[in-house]
Asker: 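Okay, here's the structure, questions in a sec.
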Amino acid sequence: MLTTAITISLVLVGAAVGLTLIRLALGPTMPDRILALDTLAIDAIALVVILGLLNATALSFEAALLLAIMGFVGTVALCKFLIGRSIID
Amino acid sequence: MIAEAIASLLIVTGAAFVLLGSIGLVRLPDIFTRLHGPTKATTLGVGAIVAASSVAAYAVNGDISLRELTIPLFLFITAPVSAHLIGKVALKDAAARRQN
Amino acid sequence: MSPRPDSFGRRLLPQPVLTLAIVALWMMLQSDAGGGTLLLGLALGLLIPIFTSVFWPSRLRVFRAGAAVRLVGIVLYDILVANIAVARVVLGNTRNIRPAFVDVPLDMDDAYVATILGSIITLTPGTLTIDIDMDRRIVHIHGLDVPDPAAVIADIKSRYETPLKEIFGC
Amino acid sequence: MEVLVSLSLGLLSACGIYLMLRPTTFSVVLGLTLLSYAVNALIFFGARLKSTAPPLTIDGLSGQTDPLPQALVLTAIVIGFGMTAYLMALALKGKAESGTDHVDAGRDP
Amino acid sequence: MMAHLPILPVLIPLCAAVALLLATGASIAFKRALSLLAIAALVAAAVAQLVMADDGGIRVYRLGDWPAPYGIVLMLDRLAALMVALTSLLAVPVLLAAMSGTDTRGRHFHAFLQFQLMGLNGAFLTGDLFNLFVFFEILLLASYGLLVHGGGLRRARAGIAYVVLNLSGSALFLIALGLLYGFLGTLNMVDFGVALQKVAPADQGVVAVMCVLLVSVFLLKAAVLPIGFWLPSVYSAATLPVAALFVIMTKVGVYALLRVVTIGLLAAPFTAGLLQPWLTWLALGTIAVGSAGMLAAGSLSVVIANIVIVSGGTLLLAVAEPSAASISAALYYLVQTTVVTGALFVFADHLSRQRGEAADGFGDGPRLASYTNLGLAYLVLAVAACGAPPLSGFLGKIMMMQAMQPSLHPVLVWTALVLSGFVAALVLARAASVFFWEPGAPGIEERPDVPYRPAWGATAAIVIMLIAVLTVSFAAAPVSAYARAAAEQMLARDAYVSAVIGDPARIDRELRP
Amino acid sequence: MPRRVAAQTAVQHGMSNISLFLILLAPFAGIFAVSVAAGFSRSLGAWAAGASMAAGLVAALQLAPQVFSGSVVLWRVAWLPEWGLDFALRLDGLGLLFVVLILGIGLLIVLYAAYYMPQTDNLGRFYIALLGFAGGMLGIVLAENILLMVVFWEVTSLTSFLLIAYKYADVEARIAARLSLAMTGGGGLALLAGALLLGHVAGSYDFSVIEDRAGLVRDNALYPVILILFLLGAFTKSAQFPFHVWLPHAMAAPTPVSAYLHSATMVKAGVFLLARMYPILAGTELWFVIVSTTGAITFLYGAYIALLKHDLKGLLAYSTISHLGLITLLFGLDTPLAAIAGVFHIINHAIFKASLFMAAGIIDHETGTRDMRRMAGLFKAMPRTAILGILAAASMAGVPLLNGFLSKEMFFTATVAHPGFENAIYLLPAFATIAGMLSVAYSVRFVHDVFFDGPVKKTPKVPHEPPVWMRLPIEVLVGLVLIVGFLPQLSVGPILHTAAEAVLPGPVPDIKLAVWHGFNLPLVMTIMAFGLGILQFSRRHKLYALRDRFAFALTSPVAFERFYRAAARLSTALLAFADTQSLQRYLALFFSFAVIAGVWAWVRIDLTGGGATVLTGPLPILAVDATAVVAAATLVFAALGTVVFRHDRLKALIYMSVAGTVVSLAFLRFHAPDLAMTQLSVEVVTILLLLMCLRYLPERSARQSTTGRRMRDGLLATAAGTGVAALTYAMLTRPYETIAAYHMANAKPLGGGTNVVNVILVDFRGYDTLGEIAVLAMAALGLHALLSGTRMQGPGGPTLASADRYPIMLAELMRPLLPLSLAVAAYIFLRGHNLPGGGFIAGLVAAVALVLQYVAQGTDFAGERLRINTVRLLGIGLGIATLTGVASFVFGYPFLTSTHGYVTPPVIDKFELASAIAFDLGVFLVVIGTVLLALTELAGLRRAEDVAVPAKGDA
Ligand code: NA
Ligand code: NA
């Protein structure tokens with residue numbers, strides 16, 4: 001049952017990634033792309049956790065946590081850049 | 001068995017929410033409306049998936065692992081900040097567009 | 001705004017709430033409540049705040065723990081509701097929605113608490129904090145579908161701002 | 001799968017090399033980064049695709065992946081990071097000195 | 001401590017660099033003293049190594065006490081000891097010359113110098129190919145720091161070209177190493193040779209490609225045609241004491257080639273002849289390009305840089321057709337050319353300080369103050385550099401000519417060796433004419449108000465270099481005998497196998513997947 | 001490789017014949033003596049120079065009896081025995097003859113120069129170069145080892161370069177010096193090649209040995225090559241046509257130099273070589289044809305031009321060329337008599353030519369000009385000098401009773417007796433007569449135009465006799481002209497005989513050196529030469545007119561400079577074509593090189609047989625799953641997006657980060673959590689860095705490449721990418737044997753960790769990791785060195801309100817997030833040894849958390865609070881890691897040997913502590929230091945706009 005659920009969810013998340021990539025490509029504005037990138041990171045977390053379930057390993061947790069942290073940092077940096085072209089001032 | 005069922009339900013629901021966020025991202029008309037999708041749906045979706053992982057781990061080992069919950073916790077803390085920042089950029093962007 | 005000289009105790013335990021949070025986080029991460037974990041967590045909980053207190057000199061004080069728990073419940077519930085509402089909008093006819101910007105006036109002047117409010121607004125139905133202006137004491141929000149801005153403002157103030165003011169005593 | 005992986009790495013390196021051949025320092029950095037993705041993956045796949053578990057010696061794991069390529073890649077990533085940081089600084093210095101970020105600006109004729 | 005001798009040439013500069021980082025706010029005098037002390041210790045260690053290695057043994061130092069091929073080992077043989085000694089000795093005049101003011105023209109000079117030495121020595125001592133990559137990166141990054149030391153657009157742009165090109169080289173190096181491990185399952189140099197012998201015929205094509213890619217990386221460092229054009233602008237952009245140190249950098253490429261060829265490629269028939277047909281041509285082309293570069297040069301440093309290119313090409317001749325004779329000739333040639341070109345850069349530094357704006361260019365400049373001494377020094381160095389008798393360049397040339405006699409294209413090789421020296425002689429004679437004989441341009445004929453007083457360090461640097469040149473020339477026999485012994489040792493692969501990995505059959509190998 | 005064959009002399013002769021070495025040592029020791037003495041006074045320098053020459057002469061004379069008794073004196077010291085080069089000397093008759101000439105005339109030159117050279121000139125430099133030159137000459141004539149001879153050969157090239165350029169203020173002197181270096185040095189290179197080949201063929205580089213194997217050499221297929229190379233050396237040095245051009249220009253040297261170089265030494269080195277190689281290389285048709293033809297042409301040509309020169313030294317220069325042609329011709333004739341005549345003429349020419357040059361110098365010195373048209377009747381002004389000059393010139397012309405007559409007579413005899421021209425028996429004598437006629441003509445001209453030709457003309461200086469000491473050397477030489485002329489057998493007979501013994505391979509024919517041989521054909525030829533010569537002289541003006549019509553451009557030394565510059569220009573043009581100094585070109589070349597080399601190796605394996613070019617290995621192919629397809633599609637999308645949007649930099653960066661994320665997910669998918677985490681965190685920090693740099697770079701880059709260039713690059717990139725794909729595929733489909741089982745087995749028991757990757761990083765290959773953090777530290781340090789104090793101006797955006805600068809929610813949230821992130825970092829750090837994690841990732845997490853404080857609240861806020869000296873932090877980190885490694889020395893283990901064990905402190909459960917953790921702590925600190933240093937330094941760039949930070953002398 002779980003395996004089926006995992007397969008279904010993989011398909012769903014895969015579709016989500018595809019849609020997000022469309023937004024990334026279409027834009028039209030830079031904030032749209034950043035939002036898409038941020039979403040992509042979260043999608044990736046979902047993917048990692050699901051794959052962890054699939055492989056029955058607890059070892060993907062750190063990677064997922066790191067994805068969350070680094071995705072956030074990336075978004076912050078990109079936004080700060082667009083607000084004032086300066087990340088640290 | 002029940003745990004596995006719960007996990008299955010959670011994971012599919014979560015994945016659905018993740019997809020929902022991305023559908024919003026594509027379908028909604030402008031950046032401010034699009035912001036709503038990922039900040040809410042996707043974050044919650046991940047929360048559900050992680051919860052599924054916890055439950056599944058319980059189903060397998062019998063251990064309650066709270067470790068995974070740190071991920072949605074972190075996301076719930078940071079998502080508003082991300083949205084806030086992207087919103088600010090969008091405001092600035094919109095202002096710049098109006099000027100031109 | 002350099003950190004002002006503090007008593008020995010304050011320097012040793014600058015943020016008790018934070019110390020607790022770190023210990024909790026540590027135990028969550030280790031998925032373990034054994035003595036060793038606790039001890040190491042405590043050590044980190046004591047050491048890290050001493051190091052980071054330079055960035056956060058003011059002590060965070062929680063006045064009403066009960067109110068806090070209640071607010072968390074409200075927010076979690078709202079998050080669920082929010083998602084269903086968002087799902088309806090996203091999957092429905094996106095042309096009929098009425099997005100709008102709304103300025104919510106604030107009744108407090110603590111930026112930290114305002115940030116918590118802003119976060120809650122973002123996580124809950126149809127609203128999104130775009131900016132917080134502490135000079136003008138307003139929260140600039142965006143609503144996904146806002147037929148009545150006044151209702152939104154009232155909702156936010158009653159559901160979230162009031163409990164927050166109660167919790168943090170401001 | 002092997003074909004898919006190979007083609008992906010080939011594409012990544014081709015894009016990286018193409019970018020490295022562009023005339024601005026920024027493109028070069030982008031290209032180097034893409035190329036290093038490909039290179040790191042290539043080293044990593046020296047352990048082949050068929051493996052069932054991470055290289056940990058915890059009980060219950062069996063058929064672990066060859067750990068050595070992973071260690072090599074880790075070293076390569078870190079070194080690549082240092083190099084990229086330095087190259088960017090150098091690019092800035094060049095920009096500060098010459099006013100342009102063309103890779104060949106201001107060199108001896 | 002003798003047991004740890006092999007690691008000391010890496011450890012001493014590392015410790016010095018750490019100390020310099022910790023003492024980041026200290027006075028320049030303190031840093032200089034520290035740097036000098038460290039290099040003195042390094043020289044002592046290097047000499048001790050040289051003596052130790054000359055008994056013909058191959059010392060294997062297991063880092064972390066892990067046996068080869070599983071862990072990283074250092075391999076102290078005659079070749080490694082020679083290269084380390086050369087580097088360490090070169091460091092002394094470089095430091096002394098830099099202490100005359102170059103080191104204060106930017107930040108962290110001494111730390112970079114120490115890191116550079118650590119990288120070089122590490123590269124020469126390691127017996128592991130991936131570790132060689134790591135130490136290549138160390139020495140490269142340090143060289144980047146040293147190259148741009150002093151600032152300015154020219155250095156920045158030369159730096160960008162140098163860095164990007166080397167990063168491309170590193171990428172290729174990694175690809176080759178990835179394939180090496182992927183095909184042969186090992187990283188140890190000696191084990192690499194052992195594994196090559198066992199490659200099945202069906203795999204020989206891909207393995208040969210991997211080997212050639214590996215070689216290409218080293219050829220880039222050795223500045224061979226057509227991938228060596230980067231060198232002149234880089235060397236001439238660096239401050240001159242730094243350029244003096246850089247002359248060892250192309251030799252790293254040659255060293256790596258010699259190592260990989262003798263310990264690896266020669267082990268198996270299908271790789272043994274992989275370089276010979278084309279490397280000779282490239283080497284000849286390199287010599288030609290370097291000679292043209294000398295003729296076209298507008299300053300002494302560019303001339304020296306092109307001499308470095310020519311010497312690289314000359315050394316590659318031996319790599320292309322390795323034999324005890326060619327390698328031993330090449331090793332002597334390597335030692336002498338490193339010393340001589342290094343000395344020339346130190347000299348050019350001295351010269352440009354005196355000539356002010358004119359620096360080391362062939363344009364009008366003021367007459368020189370310490371005419372006789374400088375002239376004499378120049379005479380010695382120029383004679384050695386163009387391969388004229390009786391100095392080391394000539395000796396190196398006759399060795400190379402004799403050793404390359406049985407090569408595929410002896411006439412071309414000889415012609416190249418002879419003509420490149422001839423061109424160098426013409427160019428250096430013209431340089432002498434400009435620096436020492438031509439009257440200064442109108443307006444700058446007068447000496448500057450403050451007479452030039454060379455710092456003691458600068459003078460000491462030149463004197464040391466001159467002594468080195470004369471020693472290599474007139475005490476050529478021991479150097480040459482050492483070189484021959486080193487060459488013979490390098491070609492006796494079995495000794496390396498038994499010293500480093502013992503019985504190859506006993507290595508714990510597992511077929512995957 | 002040829003090895004030394006005759007090693008026997010090293011010890012036996014070494015001690016007993018040290019005098020041989022002393023001859024050679026004398027001038028070189030003189031260099032030091034002069035450099036000291038000249039510092040005191042000018043004359044002391046001259047004394048020192050003279051004394052050293054004399055000392056050498058004494059040493060030589062001391063050995064003379066041994067030589068005359070027929071033995072060859074040897075002396076040897078090993079120099080580079082392995083390669084055939086030894087410091088081996090020999091003294092035979094030929095050598096002794098030359099030693100006496102070199103040192104004897106050298107002594108006279110030293111004396112002459114002391115008076116000739118301007119008093120303002122200290123002469124230290126002059127004598128040093130002169131002694132060096134004399135030493136070089138001695139080396140040539142004393143060398144037993146032919147490589148050693150080459151050594152000294154080039155020593156003379158070099159020192160003559162210095163001597164010719166002695167008056168370096170004259171541009172002509174400078175160029176002439178370089179020209180002579182180019183020609184004689186270049187010839188020396190040919191000689192070197194010849195010597196090496198000869199040594200190779202003969203199996204030894206020792207003359208004595210080679211001489212014994214002369215037949216072997218002449219029969220070898222390489223003989224023509226060897227011969228031509230040797231002759232190139234000889235002809236360039238002895239100014240044979242067409243290599244003579246350097247010699248006339250060398251007249252730019254002070255006259256003492258000319259007198260020395262062009263009488264007894266430099267040019268004689270060439271003919272000495274002919275003499276020396278005579279027993280080895282002569283005796284073949286080839287030798288005869290080349291050497292005699294060259295000599296004959298030079299003989300005639302030199303004499304002809306000499307007649308046309310108005311410059312006194314020019315006349316002597318071409319006459320020198322002519323006489324050298326004569327000597328060459330004599331050796332070329334290849335008969336014993338001719339060879340002896342050649343040796344004899346070497347002596348005679350040296351004597352009269354040295355005196356003529358010195359006389360010319362006196363004339364120049366006293367009149368201030370060397371143009372024969374500007375002087376006349378000097379006989380009256382300086383009769384003594386005139387008599388000396390006339391006698392020397394007469395000897396040059398071959399007037400009987402003077403030494404020149406004797407050798408010329410021998411030459412005529414040799415031509416008459418030569419067997420080589422049976423069919424044209426008069427050809428050679430006729431030629432000899434014509435050449436003799438020309439030398440008579442220019443000798444007469446010299447005497448006539450200078451000493452007679454009417455009354456004294458007005459010259460720049462008023463001519464009178466020179467000081468006595470200045471004339472003395474000429475008197476000595478002219479004395480010798482007469483002595484040899486009158487008493488040949490008594491004076492030079494013995495030495496000529498011994499020299500001939502050394503030159504001739506067979507027995508020396510018995511020649512009577514006598515003034516009168518009876519009325520024979522040679523005498524008729526002499527008389528004809530004189531008659532025709534005087535006739536020729538009287539009609540010289542027609543020749544001048546002819547010369548003026550066909551003036552050679554090449555006669556100017558500027559021609560050489562022009563030639564040199566043309567070569568330089570050509571090189572510049574060629575290099576400009578090959579090397580555009582463009583990084584793009586360098587990169588394209590490098591990648592092309594790798595591709596071509598790879599393809600070549602691939603093709604070659606098939607061609608050479610044995611191996612085979614098989615791409616696909618035997619492993620079964622793994623099925624593709626949906627996730628992989630999505631990932632690959634995303635990767636393609638991201639990689640192409642990066643390329644397509646490279647001009648829109650921010651967009652390109654976003655695409656690139658997507659690619660990086662996919663790669664890290666791939667790592668995770670294939671069981672490399674450590675890798676995935678590292679890749680992820682590094683990527684984010686890289687993007688942070690790039691974004692900070694983007695502020696100072698143009699937002700968009702211009703399209704600068706042409707379509708053709710893009711096509712080319714596209715093709716190259718495709719080729720390289722195809723290569724990577726093919727190799728990856730080949731690798732993935734092959735099984736391999738790995739050593740990793742050892743690591744898996746020993747990670748836990750010996751390394752103390754269950755995460756094998758981490759154990760490899762901090763233990764099995766901890767040395768790599770130490771190097772890796774050194775790289776990181778250096779990168780940060782380099783960035784610091786580059787950017788500290790640098791001012792940058794970005795495309796200035798609007799000044800931001802504080803709320804925009806530090807968005808409030810971010811600022812407020814970062815405060816609690818920092819300690820929590822540090823806790824996460826601690827978690828990752830401690831976990832590393834056993835599970836995914838470790839110092840590096842932990843360091844990045846901690847660093848990022850700290851950097852976020854800067855991002856959220858600015859440098860002023862964060863920098864003031866976080867008072868870390870990042871450079872020192874790098875030192876601490878690197879120091880800890882190093883110390884961990886060194887600590888194992890204490891226990892007698894190699895560097896970086898780890899130890900581990902379980903500590904069980906109270907309350908805490910079993911806690912495993914490996915020394916590798918200390919190492920990892922070093923890594924952790926270096927990472928934090930690097931990231932903080934890099935980012936704060938980049939942030940500081942803008943601040944430099946406002947605050948000018950003076951660059952401190954902080955190195
Ligand atoms: Na006259
Ligand atoms: Na780790």
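The analysis underlying the following values was restricted to heavy atoms, covering all of them including side chains, and did not include hydrogens, waters or symmetry mates. Chain letters run A, B, ... following the sequence lines, proteins first and then strands; every chain starts at 1.
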Asker: Does anything in residues 68-77 of chain A form a salt bridge (charged side-chain N to carboxylate O under 4.0 Å, His left out)? List the pairs, not counting sequence neighbours.
Answerer: none
Asker: Does the side chain of B:Leu19 reach to within under 4.5 Å of the side chain of A:Leu19, using non-hydrogen atoms?
Answerer: yes
Asker: Taking every heavy-atom pair that is under 4.5 Å apart, which of A:Ile50, A:Leu26, A:Leu40 has the most such pairs with chain B?
Answerer: A:Ile50
Asker: Quick check on B:Val46 against chain A: is it the side chain, the backbone, both or neither that has a heavy atom closer than 4.5 Å?
Answerer: side chain
Asker: Specify which of B:Val26, B:Val12, B:Leu25, B:Leu75 makes the most heavy-atom pairs with chain A at under 4.5 Å.
Answerer: B:Leu25
Asker: Is it the backbone or the side chain of B:Ala90 that comes under 4.5 Å from a heavy atom of chain A, or both, or neither?
Answerer: both
Asker: B:Phe17: which residues meet the ring pair (Phe, Tyr, Trp, His ring centres under 6.0 Å) condition with it, sequence neighbours left out?
Answerer: none
Asker: In Å and rounded to the nearest 0.5 Å, what is the CD1 to CG distance from B:Ile11 to A:Leu2?
Answerer: 6.0 Å
Asker: Using non-hydrogen atoms only, which part of B:Ala48 is less than 4.5 Å away from chain A: side chain, backbone, both, or neither?
Answerer: neither
Asker: Are B:Leu85 and A:Val76 packed together at the side-chain level, in the sense that at least one heavy-atom pair is separated by less than 4.5 angstrom?
Answerer: yes
Asker: Is it the side chain or the backbone of B:Leu35 that comes within 4.5 Å of chain A heavy atoms, both, or neither?
Answerer: both
Asker: Considering all heavy atoms of both residues, which atom of B:Val18 and which atom of A:Ala46 are nearest to each other, and what is their separation?
Answerer: CG2-CB, 4.2 Å
Asker: Quick check on B:Leu28 against chain A: is it the side chain, the backbone, both or neither that has a heavy atom closer than 4.5 Å?
Answerer: backbone
Asker: Given the options A:Ile45, A:Ile42, A:Val13, which has more heavy-atom pairs under 4.5 Å with chain B than any of the others?
Answerer: A:Ile42
Asker: Between chain B and chain A, which donor-acceptor pairs sit under 3.5 Å apart?
Answerer:
from: A:Leu2; atom 1: N; to: B:Glu4; atom 2: OE2; distance (Å): 3.2
from: A:Ala16; atom 1: O; to: B:Ser22; atom 2: OG; distance (Å): 3.2
from: A:Thr20; atom 1: OG1; to: B:Ser22; atom 2: OG; distance (Å): 2.9
from: A:Arg23; atom 1: NE; to: B:Leu25; atom 2: O; distance (Å): 2.7
from: A:Arg23; atom 1: NH2; to: B:Leu25; atom 2: O; distance (Å): 3.2
from: A:Arg23; atom 1: NH2; to: B:Val26; atom 2: O; distance (Å): 2.8
from: A:Asp32; atom 1: OD1; to: B:Arg34; atom 2: NH1; distance (Å): 2.4
from: A:Asp32; atom 1: OD2; to: B:Arg34; atom 2: NH1; distance (Å): 3.2
from: A:Leu82; atom 1: O; to: B:Lys92; atom 2: NZ; distance (Å): 3.4
from: A:Ile83; atom 1: O; to: B:Lys92; atom 2: NZ; distance (Å): 3.0

Asker: For chain B, find which of A:Ile22, A:Ile69, A:Ile6, A:Ile34 contributes the most heavy-atom pairs closer than 4.5 angstrom.
Answerer: A:Ile69
Asker: Applying the side-chain contact (heavy atoms from CB on, under 4.5 Å) test to B:Val89, which of A:Ile83, A:Leu35, A:Leu78 qualifies?
Answerer: A:Ile83
Asker: Identify which part of B:Ile49 has an atom lying under 4.5 Å from any heavy atom of chain A, answering side chain, backbone, both or neither.
Answerer: both
Asker: Which residue pairs pass the salt bridge (charged side-chain N to carboxylate O under 4.0 Å, His left out) test when at least one of the two sits in residues 71-80 of chain B, sequence neighbours left out?
Answerer: none
Asker: Where on B:Ile23 is there a heavy atom nearer than 4.5 Å to chain A: the side chain, the backbone, both, or neither?
Answerer: both
